[in-house]
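A note on names: the letters A, B, ... follow the listed sequences, proteins ahead of strands, and every chain is numbered from 1.
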Amino acid sequence: MDPYPERLAMLLEYLDLAGDRDERIQMLIDVASRFKAVPDFIATRPFPETHLTPACESEAYVWCEELPSQALKFHFAVENPQGISAKCLAVILDETLSGEPASSLAQVPGELVYRIFGKDLSMGKSMGLMGMVSMVQACARRYLASGQADRLLGEGRAAGSTSREP
Amino acid sequence: MSAIEERGYASTDALVSTEWVSQHLNDPNLRFAESNEDPLLYASGHIPGAVEVDWTRDLNHPLRRDYLDRSGFEALMRRIGATRETTVVLYGDKSNWWACYAFWVFQLFGHTNAKIMDGGRLKWQSEGRALVTEAANYPSSDYSAPERDDSGVRVFRDQVLEHVQAGRPLVDVRSPAEYTGERLHMEAYPNEGALRGGHIPGAANIPWARAANEDGTFKSADELRAIYTGENNLQSGDDIVAYCRIGERSSHTWFVLTYLLGFEQVRNYDGSWTEWGNLVNVPIERP
């Protein structure tokens with residue numbers, strides 16, 4: 001069974017159309033250019049450590065917002081100005097996973113990072129990017145575990161927001 | 001940070017500032033080369049005229065765990081249009097750790113015409129200097145390299161074992177968690193795993209990043225001496241082996257000890273913990 005939700009699978013197929021490494025890298029840079037930092041109604045600086053991706057040297061923060069449709073939307077901040085791969089992954093996670101059923105989000109494999117960026121990533125880079133995927137998975141699992149009764153709790157969220165701790 | 005010449009380094013031959021680079025962008029005797037951990041960075045913007053030297057595709061042997069051979073290095077240098085006389089100025093992300101790695105590999109082929117741009121890509125970018133996206137292309141050069149010579153700056157596992165048995169100094173530049181064995185490697189990471197945690201007996205733990213300032217520049221000689229000699233009693237005449245997990249972070253420390261502090265015999269054990277932590281029957285220390 002394909003481990004990827006439909007929109008993510010389509011994006012991966014699109015990336016696979018690249019003729020060579022350079023073309024794929026350009027496609028990923030184009031994706032990263034669509035990055036939009038977390039809106040103020042979700043979080044403002046200084047961002048709480050609880051939303052910081054462990055071991056991510058791009059200093060990527062992850063939030064999930066509970067939509068009225070009871071789906072989740074993901075928001076990201078990438079504080080390292082050179083964190084272009086983190087921005088690219090943030091766009092992909094938001095554009096292809098926001099709104100998906102939490103049950104399918106929890107199943108997205110960490111190897112997604114290699115499908116996107118290739119297998120030659122360094123360990124440090126892999127750790128950070130896979131950490132972002134793990135944050136999304138964790139958020140989905142918490143959502144599933146807590147159900148709608150739990151209206152979190154988000155220690156780091158902005159007042160009035162519906163963000164959840166990842 | 002003060003000017004490079006004012007920091008008291010043993011030599012400033014191998015280190016240049018971003019300002020120096022900006023004044024030499026059109027020097028035909030120089031080739032600027034960016035070497036990053038993040039595979040998207042070079043294509044997203046680089047110093048005008050800079051080529052990319054990728055740590056996996058360009059520096060490693062395509063099959064064995066080893067560096068490229070003579071013909072591979074010649075192909076690399078011909079691709080970037082460099083001759084034996086060209087000075088290659090390397091810079092990159094992560095406080096130049098990959099740039100130092102490339103610099104170190106260049107030494108295996110005797111290409112000593114090489115420099116590091118202090119502060120790397122981040123400093124250049126934060127100073128608002130020009131970045132371009134067009135990949136630089138140069139006419140292929142006629143580069144002829146000698147056979148790779150590992151004897152000066154590289155060390156292998158059997159030599160490391162002898163080094164340990166002789167009680168000579170080692171520097172483990174990994175994080176304290178890796179040094180103590182608390183952390184082995186990333187779960188599910190396919191390339192750099194180790195079966196055992198800890199460190200090579202007798203190694204001092206001096207994480208590589210201690211040599212760098214927040215902006216990625218190198219600390220002054222006094223600050224570096226305080227770390228390596230003051231805290232850890234390493235002396236310039238010592239026979240020192242540096243290692244990390246695959247030899248990249250330790251290239252940064254090798255550069256610091258060799259060029260900035262003038263230590264005479266520092267070698268990089270690129271087998272590092274991914275080799276030592278998987279070897280049968282070698283000594284391991286855990287606190």
Chemist: Is there side-chain contact between A:S85 and B:P39, with at least one heavy-atom pair below 4.5 Å?
Modeler: yes

Chemist: When rounded to the nearest 0.5 angstrom, what is the spacing between CD in B:E52 and CD1 in A:I25?
Modeler: 6.5 Å

Chemist: Among A:E57, A:Q26, A:R24, which residue forms the greatest number of heavy-atom pairs with chain B at distances under 4.5 Å?
Modeler: A:E57

Chemist: Indicate yes or no for a side-chain donor-acceptor contact from A:D120 to the backbone of B:T56 under 3.5 Å, with no hydrogens or angles considered.
Modeler: no

Chemist: Output the distance between atom CD1 (A:I84) and atom OH (B:Y42), rounded to the nearest 0.5 Å.
Modeler: 14.0 Å

Chemist: Measure distances from B:R57 to the heavy atoms of chain A and classify the residue's part below 4.5 Å as side chain, backbone, both or neither.
Modeler: side chain

Chemist: Are B:D93 and A:K125 within salt-bridge range, i.e. N to O under 4.0 Å?
Modeler: no

Chemist: If you count the non-hydrogen atoms of other residues, nucleotides and ligands that lie under 6.0 Å from CD in A:E6, is the total more than 12?
Modeler: no

Chemist: Do B:L41 and A:Q82 have side chains that approach each other closer than 4.5 Å (heavy atoms only, starting at C-beta)?
Modeler: yes

Chemist: Looking at B:F156, I'd like to know if its CZ atom is crowded, meaning that more than 12 non-hydrogen atoms belonging to other residues, nucleotides or ligands lie closer than 6.0 Å.
Modeler: yes

Chemist: Can you tell me how far apart OG1 (B:T133) and CD1 (A:I29) are? Round to the nearest 0.5 Å.
Modeler: 8.5 Å

Chemist: Side chain, backbone, both or neither: which part of B:D54 has a heavy atom under 4.5 Å from chain A?
Modeler: side chain

Chemist: At a 4.5 Å cut-off on heavy atoms, which part of B:S44 comes close to chain A: side chain, backbone, both, or neither?
Modeler: both

Chemist: Please give me the minimum heavy-atom distance between B:W55 and A:L121, naming the atom from each residue.
Modeler: CZ2-C, 4.3 Å

Chemist: So, taking the atom named CG in B:D38 and the one named OG in A:S122, what distance separates them when rounded to the nearest 0.5 Å?
Modeler: 9.0 Å

